[in-house]
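Written out below as C-alpha cells is the structure these notes cover.
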Amino acid sequence: MAKTKWNILFATFVLSCLSLAALIVSFCTPYWVTAQASEQTAFKNSEIQYGLFAGSLTRNVLATPVFYDLTLICLYEHNVCAYSCQKEEALRESELLAMMAGEKPEECPLATGRLAAVDTTTPTGRAIPREEFINAGLWLTTVIFLGLATAFAGAAASFSIINVLFNPVEPVFSVFGLYIWNGVVIGATLLVMILWGTLFGTYLSINVGITDTLTPEAPYNSAGMAELGASYWILFLPLLLHGSNIGLLLWRQYEINREPPPTTINVDKSDLTICMY
C-alpha cells in the first residue's frame with residue numbers, strides 16, 4: 001500500500017511537469033490567432049498569425065509574397081493594443097498613435113532576409129475608433145492569469161516531488177497543499193481561455209488588430225477570416241492534467257481510508273502476572 005501511495009504522488013509530479021511544458025509552449029508560440037485579410041486588388045489574401053507578444057504577416061499583393069514581423073504594442077492610457085510591423089518600440093508607439101488619429105503610418109520594414117515590399121496605400125484621414133483595436137485590459141489580464149497558471153503548475157510539480165521524497169509538516173506544503181496548487185492552475189487556465197475567447201469573439205474575429213486592418217490607407221478586411229490557433233487550444237491539456245492530479249489525490253486518500261485500523265492490544269491491569277514483565 002505504501003508503494004501505491006508513493007506511485008500516485010510521483011504520477012502527479014509527472015503530470016504537473018507535462019502541464020508546465022504545455023503552458024510554456026502556449027505562452028511562447030505565435031499561434032493564438034491565425035487569420036487571413038482580404039484586399040480587392042491583392043493577388044490573394046494576406047496570412048496572419050500571432051501569439052501573445054509577436055507574430056508574422058505575409059502580404060500577397062503580388063504573386064510573390066512579402067513577409068513582415070509583428071510585435072504587440074499597447075497604450076494602456078487609451079486601453080488599446082495592436083500588432084505593429086515596426087521594429088523599434090518608439091516607432092510602434094508612434095504608429096499606433098497615428099492610426100488612432102487617422103494618419104498614415106510608416107511603411108512596414110521587411111522581415112530579415114525577405115523580399116522587398118511595394119507600398120500601394122493612399123491616405124484617407126479617417127480616424128480609427130478605439131473599439132476596432134485590441135482591448136488592452138483583456139489582453140493584460142490574459143497574460144497575468146497565464147503567468148499565474150504557469151507559476152502554480154511549477155509549484156504543483158515541485159511540491160509533488162517534495163512529498164515523494166519527504167513528509168512535510170506544514171499543511172500547505174503537504175499533500176493537502178497539492179489540492180490548492182492544482183486547483184489554482186485549473187482556475188487560472190480556465191480564466192485565460194474565457195478571457196481570450198471573449199477578446200477573440202468581441203474584437204479579433206472582427207478585426208485582427210494589425211497595421212493593415214487598422215490603418216485606413218490599406219483597406220484590408222479580416223472579419224470572419226480569423227480563428228483561434230493551436231497555442232490557445234493546447235490549454236485544454238493543463239485542465240485535463242491537473243484535473244487528473246486531483247483525481248489521483250482523491251484516489252490516494254480513498255486508499256488510505258480503506259486501510260484496516262492498527263491492531264489494539266487490551267491489557268487487563270487486574271492481572272497480577274503483568275508485574276512479571
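All of these numbers come straight from a predicted model, not from anything done at the bench.
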- Task: Indicate yes or no: at least one non-hydrogen side-chain atom of I134 is less than 4.5 angstrom from one of V80.
- Result: no
- Item | Min side-chain heavy-atom separation I8-W6 under 4.5 Å | no
- Given side chains that start at C-beta, do those of Y50 and V208 come closer than 4.5 Å, heavy atoms only? yes
- Task: Taking the six-membered ring for Trp and the full ring for Phe, Tyr or His, determine whether the centres of W181 and F159 are under 6.0 Å apart.
- Result: yes
- Parallel, tilted or perpendicular: which fits the ring planes of F236 and W233, with parallel below 30° and perpendicular above 60°? parallel
- Query: Is E107 paired with R59 through a side-chain N to carboxylate O contact shorter than 4.0 Å?
  - Reply: yes
- Message: Checking side-chain polar atoms at under 3.5 Å, does Q36 have a donor or acceptor matched by the opposite partner on S38?
- Response: no
- Message: Is it the case that over 12 heavy atoms from other parts of the model lie below 6.0 angstrom from the OH atom of Y76?
- Response: yes
- Message: Would you say S16 and N245 are linked by a side-chain donor-acceptor pair, where the criterion is simply a distance under 3.5 Å?
- Response: yes
- Item | Distance, nearest 0.5 Å, that separates CD1 of I73 from CZ of F53 | 13.0 Å
- Will you find, in the side chains of S84 and T71, an N or O donor that is under 3.5 Å from an N or O acceptor? no
- Task: For F10, look at atom CZ and say whether over 12 heavy atoms of other residues, nucleotides or ligands are found less than 6.0 Å away.
- Result: no
- Message: Is a donor from one side chain sitting under 3.5 angstrom from an acceptor on the other, for S26 and S231?
- Response: no
- Task: Report yes or no: do E95 and T211 form a side-chain donor-acceptor pair below 3.5 Å?
- Result: yes
- Could you check if a side-chain atom of E47 sits within less than 4.5 angstrom of a side-chain atom of N60, using non-hydrogen atoms only? yes
- Message: Are the side chains of M100 and L75 in contact, using a 4.5 Å heavy-atom criterion?
- Response: yes
